[in-house]
Trainee: 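What follows is a single structure, and I will ask about it in a moment.
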Protein chains: 2
Amino acid sequence: MTHIRVRSLVVESARPSEPCAACDARPFSVCNAIDQRDIERLAALAASLTVEAGRTFIEEGDPAEHFFNVTAGTAKLFKLLPDGRRQITGFAPMGTFLGLAVSSTYAFGAEAVEPMRICRFSRFKLRALLDDFPAMEKRLLEVASNELVAAQEQMLLLGRKTARERLASFLVTRAACTANGATPCGHRAAEKVTLPMTRSDIADYLGLTIETVSRTLTRFKTERLIDIPSASEIVMRDHAALESLATGLH
Amino acid sequence: MTHIRVRSLVVESARPSEPCAACDARPFSVCNAIDQRDIERLAALAASLTVEAGRTFIEEGDPAEHFFNVTAGTAKLFKLLPDGRRQITGFAPMGTFLGLAVSSTYAFGAEAVEPMRICRFSRFKLRALLDDFPAMEKRLLEVASNELVAAQEQMLLLGRKTARERLASFLVTRAACTANGATPCGHRAAEKVTLPMTRSDIADYLGLTIETVSRTLTRFKTERLIDIPSASEIVMRDHAALESLATGLH
DNA sequence: CGTGCTTTTGAAAATCATCAAGTATAGTGG
DNA sequence: CCACTATACTTGATGATTTTCAAAAGCACG
């Protein structure tokens with residue numbers, strides 16, 4: 001198989017190997033706003049790419065030529081300061097649409113946390129297509145609205161919550177959004193939370209240091225709020241306590 | 001961290017006293033996506049209200065029955081924790097569209113910083129109207145995208161910037177967005193920045209305490225970066241230095 | 001010219017960051 | 001399969017920025 005390097009990602013096929021009609025991520029993405037009979041038009045625009053773990057596939061400040069859709073795996077979205085300080089603004093699981101912006105350059109970077117598959121669309125062509133599919137534009141507005149709400153919640157966390165509250169919030173949200181089977185963001189609280197990201201990622205997401213993340217999790221463990229069978233697995237032992245911590249009730 | 005809760009707001013007229021066609025805020029708002037000849041349909045949905053300074057006109061968690069458009073004055077948008085900790089997630093100047101959300105309840109509160117005029121729309125009716133005006137829906141998506149970018153920038157500030165950097169960022173952004181005449185968010189850097197909000201508001205916006213805000217501004221003054229003719233007026237004496245501070249260059 | 005509010009300033013305290021080892025864990029090649 | 005190395009994670013001691021507590025100084029308003 002010939003891998004062609006385009007900037008920092010690997011192009012596996014110009015045509016989606018699994019066309020939109022059979023896409024696993026479709027039920028969770030804006031694409032499902034397009035009817036079965038029209039889906040071919042979307043598929044014609046899509047390039048399916050593989051991104052290996054740790055690879056940056058959107059570079060902050062680069063010309064924004066594409067939209068992306070995460071079809072498998074998870075990405076982290078981040079912004080950097082010149083001296084290297086990093087803020088992860090969100091994690092993008094399967095179904096996430098990326099690249100919404102009016103600006104001509106990307107306002108954030110994106111890097112694969114785990115091996116990923118993404119769908120890439122020409123910004124220009126997808127914009128044109130959107131004119132024919134107002135339903136998809138409506139979905140995009142819904143998605144953007146939801147992200148805005150999530151962003152405000154995150155601002156509350158970053159601006160006003162303690163380290164303990166931040167970690168509790170993170171775990172509770174993760175538990176609600178953990179992929180149990182296929183659902184990327186269900187509502188049932190999971191017992192076990194899988195963390196595909198490193199402590200460093202968590203720290204940069206919560207505005208803390210890795211040491212504080214580690215210490216806080218250890219303390220949760222000694223307090224019997226969680227178990228830590230492995231570094232990337234957390235078992236919620238006292239979901240109620242964590243939730244009340246997360247909402248700021250000490 | 002003052003929290004005065006007032007439910008009702010002052011309704012001045014069911015019909016806009018200044019109809020949409022002659023609205024000062026229209027050039028800066030999503031409403032200008034609607035043609036002159038169709039603007040009456042929008043005006044028919046709009047109720048123009050006066051909100052006195054300090055009044056809460058959106059209560060977090062209340063049923064989201066309306067959209068709002070700020071036609072004069074400035075609002076602060078915020079989220080609260082049960083113990084009163086507050087995070088201001090943004091300031092909404094003239095032209096801002098409020099209430100975008102899929103949820104049936106408001107995800108944030110809104111309170112007038114200065115005397116305001118707002119346009120109120122029934123969520124249900126405006127949604128219906130939007131189906132006839134895809135251009136306005138497109139504008140809404142643009143607006144939401146821009147706010148998302150701003151939110152990410154704010155997360156970087158809250159999660160990773162020092163107090164000095166936060167204040168510098170705040171002043172630089174304010175300078176760029178200060179209403180010089182009519183433009184609510186121009187690009188020319190203003191010398192003088194007017195701060196309609198209190199130190200407490202600034203603190204809650206930047207994730208700091210009022211004391212830290214005050215001390216940091218005083219230090220900027222002794223360092224000749226700014227002048228503070230009055231508590232609500234800041235003169236940028238060294239815009240370049242503030243900008244490099246804001247971007248994290250010490 | 002008080003009265004109540006916001007703002008400023010000072011001193012002490014605390015949370016979280018930094019510096020520094022030490023311990024798992026995973027991936028690699030012998 | 002096992003050592004070996006690199007990386008990630010944990011734990012401890014110290015330190016600094018920011019918060020908290022406290023009080024004085026400005027300012028607006030009746």
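Residue numbers begin at 1 in each chain, while the letters A, B, ... track the order of the sequences.
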Trainee: Side chain of B:Thr209 only, heavy atoms from C-beta on: which candidate in D:dT18, D:dT20, C:dT18 is closest?
Mentor: D:dT20
Trainee: Could you tell me whether B:Arg215 and B:Glu211 make a salt bridge, using a distance below 4.0 angstrom between a side-chain N and a carboxylate O?
Mentor: no
Trainee: For a 4.5 angstrom cut-off between non-hydrogen side-chain atoms, does A:Leu206 reach A:Lys161?
Mentor: no
Trainee: Roughly, in whole Å, what's the span from CG in A:Asp201 to P in D:dT7?
Mentor: 16 Å
Trainee: Does anything in residues 211-225 of chain B reach DNA chain C, meaning a heavy atom under 4.0 Å, and if so which residues?
Mentor: B:Glu211, B:Ser214, B:Arg215, B:Thr218
Trainee: Between P on D:dT17 and CZ on B:Arg166, what's the gap in Å once rounded to a whole number?
Mentor: 14 Å
Trainee: Would you kindly give the CD1-to-P distance between B:Ile210 and D:dT20, to the nearest whole Å?
Mentor: 11 Å
Trainee: Return the value, rounded to whole Å, for the distance between atom NE2 of A:His250 and atom P of C:dT15.
Mentor: 11 Å
Trainee: Does A:Gly207 reach a base, just sugar-phosphate, or nothing at all? Heavy atoms under 4.0 Å.
Mentor: sugar-phosphate
Trainee: Closer to the 5' end of DNA chain C via nearest nucleotide, is it A:Leu208 or B:Met197?
Mentor: B:Met197
Trainee: Taking atom P of D:dC27 as reference, at what distance in whole Å does atom CD of B:Glu233 sit?
Mentor: 12 Å
Trainee: Are the ring centres of B:Phe68 and B:Phe97 closer than 6.0 Å?
Mentor: no
Trainee: Going by atom types alone, do B:Thr50 and B:Arg117 pair a side-chain donor with an acceptor below 3.5 Å?
Mentor: yes
Trainee: Could you tell me the separation between the CZ atom of A:Arg199 and the P atom of C:dT23, rounded to a whole number of Å?
Mentor: 19 Å
Trainee: The criterion is ring-ring contact (aromatic ring centres under 6.0 Å, His included); which residues satisfy it with A:Phe91, sequence neighbours excluded?
Mentor: A:Tyr205
Trainee: What is the separation between atom CZ on A:Arg160 and atom P on D:dT19, rounded to the nearest whole Å?
Mentor: 7 Å
Trainee: Classify the nucleic acid contact of A:Ser230 as base, sugar-phosphate or nothing, counting any heavy atom under 4.0 Å across all strands shown.
Mentor: nothing
Trainee: Specify the separation, in whole Å, of atom CD1 of A:Ile228 and atom P of C:dA24.
Mentor: 14 Å
Trainee: Supply the atom-to-atom distance B:Asn69 CG to B:Met94 CE, rounded to the nearest 0.5 angstrom.
Mentor: 10.5 Å
Trainee: Will you find, in the side chains of A:Glu233 and A:Thr194, an N or O donor that is under 3.5 Å from an N or O acceptor?
Mentor: no
